Structures are given as structure tokens and as C-alpha cells.
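First the structure, in the form of C-alpha cells, and then the observations on it.
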Amino acid sequence: MPVVAAYSGTFDPITLGHYDIIQRAAAMFPQLIVAVGANIAKNPRFDMEERVKLIEKVVEKLPNVKVKGFDGLVVDFAKDHGVTVLVRGVRTVGDVDYEKQMAVMNRDLYPRLDTVMLAPSPEYAHLSSSLVRELTGLGAPVEKLVPKPVIPVLLERFGRRRRKS
Ligand code: COA
């Protein structure tokens with residue numbers, strides 16, 4: 001059976017850092033599902049449907065990548081979709097501790113599920129969705145932060161008119 005991997009996250013919204021991981025994981029595994037967590041606790045600024053649609057646009061040229069939303073435990077999503085590898089990006093030492101805890105817990109809950117952690121490409125090492133929203137609100141250029149299809153939606157929601165120089 002070909003391995004099915006899932007890259008889980010909140011993607012509020014998807015950034016170039018996430019897309020970097022998606023492309024690399026899609027080259028590694030025959031099938032990759034981008035698993036978009038409802039993650040109500042994080043109070044996402046884009047609703048689930050918006051986040052899924054944006055990612056679908058971003059990955060449309062990657063034939064082995066699908067996008068699906070989920071609510072509840074990531075291990076239940078894995079069981080329902082035949083996923084045996086969970087892909088996560090780790091940017092900092094803090095991320096590693098947190099990810100290790102989740103990887104151990106998820107494997108305890110579902111022993112068939114292993115977690116593969118990828119380090120980001122250096123240019124995206126400090127990127128996060130909340131930073132992207134903040135920078136957009138302060139008028140920073142967004143072209144180096146998010147994939148093209150995300151730009152208009154991000155600017156409409158969080159952008160402010162840039163001052164003329
Ligand atoms: N590039 C850019 N940003 C990245 C990144 C990368 N490669 N990797 C992570 N990030 C950022 C995200 O943008 C996010 O930033 P933000 O906090 O500013 O929004 C941050 O790192 C955290 O990542 P994210 O994946 O969005 O959130 P999370 O670590 O909270 O995970 C779920 C979200 C949905 C995958 C996780 O909560 C989950 O599995 N929930 C299901 C419930 C469950 O099973 N819980 C038990 C787990 S043991």
C-alpha cells in the first residue's frame with residue numbers, strides 16, 4: 001500500500017513557509033493530505049472553508065496533494081484517511097519540544113502513526129501565520145510572505161493603505 005502522509009496545521013492563512021514544507025513532503029511521499037485543523041482554541045481569523053479553499057488554489061499544480069478540513073483528534077483523521085505519516089515543520093528549539101510531545105502522544109494514541117519533522121528553508125525560518133497577519137496590518141509588503149493566491153484575501157482582511165512616499 002502506498003504511504004499516505006498528512007501535513008497538519010491551522011494554516012490561518014497558509015504562508016510560503018507552509019508551502020515550502022508541502023512541496024518537499026509531496027516529493028517525499030506518494031500521497032499527501034494537507035489536514036486543516038478547525039482549532040477553535042486558536043480563534044482562527046479565516047474560517048475553515050476559506051482556509052481550505054485558499055490552500056486548494058495554492059496546491060492546484062501538485063497532483064498528489066489533497067486538502068481536507070478536520071475537527072477533533074488528528075489521530076482520528078489519520079485513521080479515517082489511511083494516514084501513517086504526520087508531517088510537521090519545526091523552526092525553533094521551542095517548536096522541537098512541543099512537536100516531540102505531540103509526536104509521542106499521537107503515537108501512543110495510534111501506534112501506526114509516525115511523525116516526520118522537517119526544518120524550514122532558511123528564508124522561512126521565522127515566518128508564522130500570526131506574524132504575517134501583523135505585518136500585513138502594519139503595511140509591510142506581503143509578496144515574500146504568502147503564496148500569490150493568498151495576497152488579495154490577506155490584504156482585504158488585514159491590509160491598510162500604504163503611505164505614498
Ligand atoms: N512555516 C511557517 N509557519 C509555520 C511553519 C512553517 N513551516 N510551521 C509552523 N508554523 C507556524 C504556524 O503558522 C503557526 O503560527 P501561528 O501560531 O502564528 O498561527 C504556528 O507555527 C503553529 O503551527 P500550527 O500548525 O498552525 O498550529 P499547531 O501547532 O497549534 O497545530 C493542529 C495545529 C490542528 C495540527 C494541532 O493543534 C492538532 O493536531 N489538533 C488536533 C487535536 C489533537 O489531536 N490534539 C492532540 C495532539 S497530541
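Indexing begins at 1, ligand by ligand and atom by atom, following the structure's order. When reading the values below, keep in mind they use all heavy atoms of this one structure, side chains included, and skip hydrogens, waters and symmetry mates. Please read these numbers as outputs of a predicted model, since none were measured by experiment. Start at 1 with the first residue, then count along the sequence.
- The nearest protein heavy atom to atom 47 (C) of ligand 1 is closer than 4.0 Å.
- At a heavy-atom cutoff of 4.0 Å, ligand 1 is contacted by the side chain of Tyr98 but not by its backbone.
- Heavy-atom contacts of Leu127 reach the following atoms of ligand 1: 2 (C), 3 (N), 4 (C) (cutoff under 4.0 Å).
- The Ser8 neighbourhood of ligand 1 comprises atoms 35 (C), with distances under 4.0 Å to a heavy atom of that residue.
- Within ligand 1, the atoms closer than 4.0 Å to a non-hydrogen atom of Asn106 are 47 (C), 48 (S), numbered from 1 in the order shown.
- Residue Val74 touches ligand 1 through backbone and side chain together, judged by heavy-atom distances below 4.0 Å.
- The local environment of CE in Met28 is crowded, with over 12 non-hydrogen atoms from other residues, nucleotides or ligands closer than 6.0 Å.
- With a heavy-atom cut-off of 4.0 Å, His18 touches ligand 1 through backbone and side chain alike.
- Looking only at side-chain heavy atoms (C-beta outward), Phe29 and Val4 stay at 4.5 Å or farther from each other.
- Looking only at heavy atoms of the protein, atom 27 (O) of ligand 1 is closest to Lys42 NZ, 3.3 Å.
- Taking a 6.0 Å sphere around CZ of Arg112, one finds it holds 12 or fewer heavy atoms contributed by other residues, nucleotides or ligands.
- Comparing Val75, Thr10, Thr115 by heavy-atom distance to atom 26 (O) of ligand 1, the nearest is Thr10.
- Of all atoms in ligand 1, numbered sequentially from 1 with element shown, those under 4.0 Å from a heavy atom of Gly9 are 25 (O), 35 (C).
- Residues Val85 and Val83 have side chains not in contact (no heavy-atom distance under 4.5 Å, counting atoms from C-beta outward).
- When heavy-atom distances to ligand 1 are checked against a 4.0 Å cut-off, Asn39 comes that close only through its side chain, counted from C-beta outward.
- Taking every heavy atom of Met105 and a limit of under 4.0 angstrom, the matching atoms of ligand 1 come to 48 (S).
- Nearest to atom 41 (C) of ligand 1 by heavy atom, out of Gly17, Gly72, Gly37, is Gly72.
- By the rule that hydrophobic residues join a cluster once side-chain heavy atoms approach within less than 4.5 Å of another member, Ile22 and Val58 end up as members of one cluster.
- Atom OG1 of Thr10 sits about 11.5 Å away from atom CG of Asn43, to the nearest 0.5 Å.
- By the criterion of side-chain heavy atoms lying less than 4.5 angstrom apart, applied directly or through intervening Ile, Leu, Val, Met, Phe, Trp or Tyr residues, Ile14 is grouped together with Leu135 in one hydrophobic cluster.
- Between Phe46 and Val36, every side-chain heavy-atom pair lies at or beyond the 4.5 Å cut-off.
- Within a 4.0 Å radius of atom 2 (C) of ligand 1, the protein contributes at least one heavy atom.
- The single protein non-hydrogen atom nearest to atom 35 (C) of ligand 1 is Arg88 NH1, 3.4 Å, given as residue, atom name and distance.
- Heavy-atom contacts of Ser128 reach the following atoms of ligand 1: 3 (N), 13 (O), 15 (O), 18 (O) (cutoff under 4.0 Å).
- Nearest protein heavy-atom neighbour of atom 21 (O) of ligand 1: Arg91 NH2, 2.8 Å.
- Taking Ile, Leu, Val, Met, Phe, Trp and Tyr as members and joining any whose side-chain heavy atoms lie under 4.5 Å apart, directly or through other members, the hydrophobic cluster of Val96 also contains Val90, Met117.
- Atom NZ of Lys79 has more than 12 neighbouring heavy atoms from other residues, nucleotides or ligands inside a 6.0 Å radius.
- Around atom 13 (O) of ligand 1, the closest heavy atom drawn from Pro44, Gly89, Ser129 belongs to Ser129.
- In this structure, the side chains of Arg24 and Ser121 come closer than 4.5 Å at one or more pairs of heavy atoms.
- Considering only non-hydrogen protein atoms, atom 45 (N) of ligand 1 sits nearest to Leu73 CD2, 4.1 Å.
- Classified by interplanar angle (parallel below 30°, tilted 30° to 60°, perpendicular above 60°), the ring pair Phe77/Phe70 is tilted.
- Of the protein's non-hydrogen atoms, Ser130 OG, 2.4 Å is the one closest to atom 18 (O) of ligand 1.
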